Amino acid sequence: MKSTGRFFTIGLVSAWYSSNIGVLLLNKYLLSNYGFKYPIFLTMCHMTACSLFSYIAIAWMKMVPMQTIRSRVQFFKISALSLIFCASVVSGNVSLRYLPVSFNQAVGATTPFFTAVFAYIMTVKREAWLTYITLIPVVTGVVIASGGEPSFHLFGFIMCVGATAARALKSVLQGILLSSEGEKLNSMNLLLYMAPIAVVFLLPATLIMEENVVGITLALAREDFKIIWYLLFNSALAYFVNLTNFLVTKHTSALTLQVRLFFQTKASCKNGINFFRDKLDNSASITMKSFLLLKIVGITTWGSTKKHYKLISYFC
């Protein structure tokens, strides 16, 4: 029984690992290499798929008990989280148009830093000083990577930082807004309610900022029908990332979470460089290796510190 459980956990981690890297690389391919330059519409496709698959998983397959929204106040809180969630995903997708996958992941590694800052600002709760010190190597690594990135793009960098900050803000607000026992939702139920609200936010933004995107997509499909399969597979994969993240978090420890996040970043950087042939000279290659080394030092130290102090959780 113990070996069966071990294989099940390994399978879950592998599924999360593969789907996370897959959706990232496919987003990059669609938005940058394929020429489908509509990140808001792509995000709306993701949220539509998450709405549909979340309902199937909870209402039909009974993977988790369905939790209901109990008050108008709770609904407005979820709507606020959904708006920030939209900003995070859209900004992240926009950044992929301008930045290599490797550098995008490097900047995303600063999520713990932003979470610590927002948690302190919004809750006036200071963590142990060692907690903040362990984040210094992670941020330093990103600064080094930024200076040595040959494909650095200022707008893409701003969008990527914005996506990272919004992701951290959502995690902190989720802990604050849905803190009472009557309002707490597990991540699958939260996604069930957030995704349709996100579609409502994204639809007018798509119509205004990406005019006639549906007509353009249909025109592209007449020339190359594979674009439809790309969008369908990409959207389904986006939900699968959320599903496997929930299951892995449920079946593994917090330390495993930190380790898998490091190796996911490392693999994303490597696959992005190999798949998209990102041009790295010797100096840039050394810079990226320096970033990864500093990140593993920071995350490993952070994980050790977490055993001794009660820290905020910064990943959803």
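Position 1 is the first residue of the sequence, and the numbers go up from there. Since the model is a prediction, treat every value here as computed from it, not as a measurement.
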Trainee: I'd like to check the side-chain contact (heavy atoms from CB on, under 4.5 Å) partners of L83; sequence neighbours left out, ordered by chain and number.
Mentor: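 Expected list: F201.
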
Trainee: Report yes if the side chains of N20 and T244 come closer than 4.5 Å at any heavy-atom pair, otherwise no.
Mentor: no

Trainee: Does T164 use its side chain to pair, donor to acceptor, with the backbone of C160 at less than 3.5 Å?
Mentor: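 Here the side-chain-to-backbone pair exists.
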
Trainee: List in chain and number order the residues that pass side-chain contact (heavy atoms from CB on, under 4.5 Å) with L237, two or more places apart in sequence or in another chain; answer none if no residue qualifies.
Mentor: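 Per chain and number, L237 pairs via side-chain contact (heavy atoms from CB on, under 4.5 Å) with S19, V23, F233.
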
Trainee: Which side-chain hydrogen bond (donor to acceptor under 3.5 Å, both in side chains) pairs, counting each pair once, include a residue from residues 56-67, with sequence neighbours left out?
Mentor: Q67-N186, Q67-N189

Trainee: Could you tell me which residues satisfy side-chain contact (heavy atoms from CB on, under 4.5 Å) with A80, sequence neighbours excluded, listed by chain and number?
Mentor: none

Trainee: Going by the side-chain hydrogen bond (donor to acceptor under 3.5 Å, both in side chains) test, which pairs reach into residues 204-219, not counting sequence neighbours?
Mentor: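 side-chain hydrogen bond (donor to acceptor under 3.5 Å, both in side chains) check on residues 204-219 returns no pairs.
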
Trainee: Applying salt bridge (charged side-chain N to carboxylate O under 4.0 Å, His left out) as the test, list every pair that has at least one member in residues 75-85; sequence neighbours left out.
Mentor: K77-E183

Trainee: Suppose we call two aromatic rings close when their centres sit under 6.0 Å apart. Are Y230 and Y29 close by that rule?
Mentor: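 For Y230 and Y29, the ring centres are under 6.0 Å apart.
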
Trainee: Supply the atom-to-atom distance L191 CG to Y239 OH, rounded to the nearest 0.5 angstrom.
Mentor: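 Result: 7.0 Å between the selected atoms.
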
Trainee: Got a sec, which residues hit side chain to side chain donor-acceptor pair (under 3.5 Å) with S95, two or more places apart in sequence or on another chain?
Mentor: N104

Trainee: Rounded to the nearest 0.5 Å, how far does CG of L185 lie from CD1 of I78?
Mentor: 5.0 Å

Trainee: Taking distance alone, no hydrogens or angles, what donor-acceptor pairs closer than 3.5 Å link side-chain atoms of residues 38-51 to residues at least two apart or in another chain?
Mentor:
unit_1: T43; atom_1: OG1; unit_2: P39; atom_2: O; d: 2.7
unit_1: T43; atom_1: OG1; unit_2: N93; atom_2: ND2; d: 2.8
unit_1: H46; atom_1: NE2; unit_2: N234; atom_2: OD1; d: 2.4
unit_1: T48; atom_1: OG1; unit_2: M44; atom_2: O; d: 2.8
unit_1: S51; atom_1: OG; unit_2: M47; atom_2: O; d: 2.8

Trainee: Does Y34 have more than 12 heavy atoms from other residues, nucleotides or ligands lying within 6.0 Å of its OH?
Mentor: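 It does: Y34 OH has more than 12 such atoms within range.
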
Trainee: Would you list the pairs meeting salt bridge (charged side-chain N to carboxylate O under 4.0 Å, His left out) in which at least one residue belongs to residues 214-228, sequence neighbours left out?
Mentor: none

Trainee: Mind checking what makes ring pair (Phe, Tyr, Trp, His ring centres under 6.0 Å) contact with Y98, not counting sequence neighbours?
Mentor: H153, F155

Trainee: Filter on salt bridge (charged side-chain N to carboxylate O under 4.0 Å, His left out), then keep only pairs touching residues 14-27, sequence neighbours left out; what's left?
Mentor: none

Trainee: Find the distance between OG (S54) and CE (M66) and round it off to the nearest 0.5 Å.
Mentor: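 Nearest 0.5 Å value for the OG-CE distance: 9.5 Å.
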
Trainee: Return yes if some donor-acceptor pair links the side-chain N/O of S82 with the main-chain N/O of A198 below 3.5 Å, else return no.
Mentor: yes

Trainee: Test of understanding: with side-chain contact (heavy atoms from CB on, under 4.5 Å), list the residues that count as partners of S32, not counting sequence neighbours.
Mentor: K28

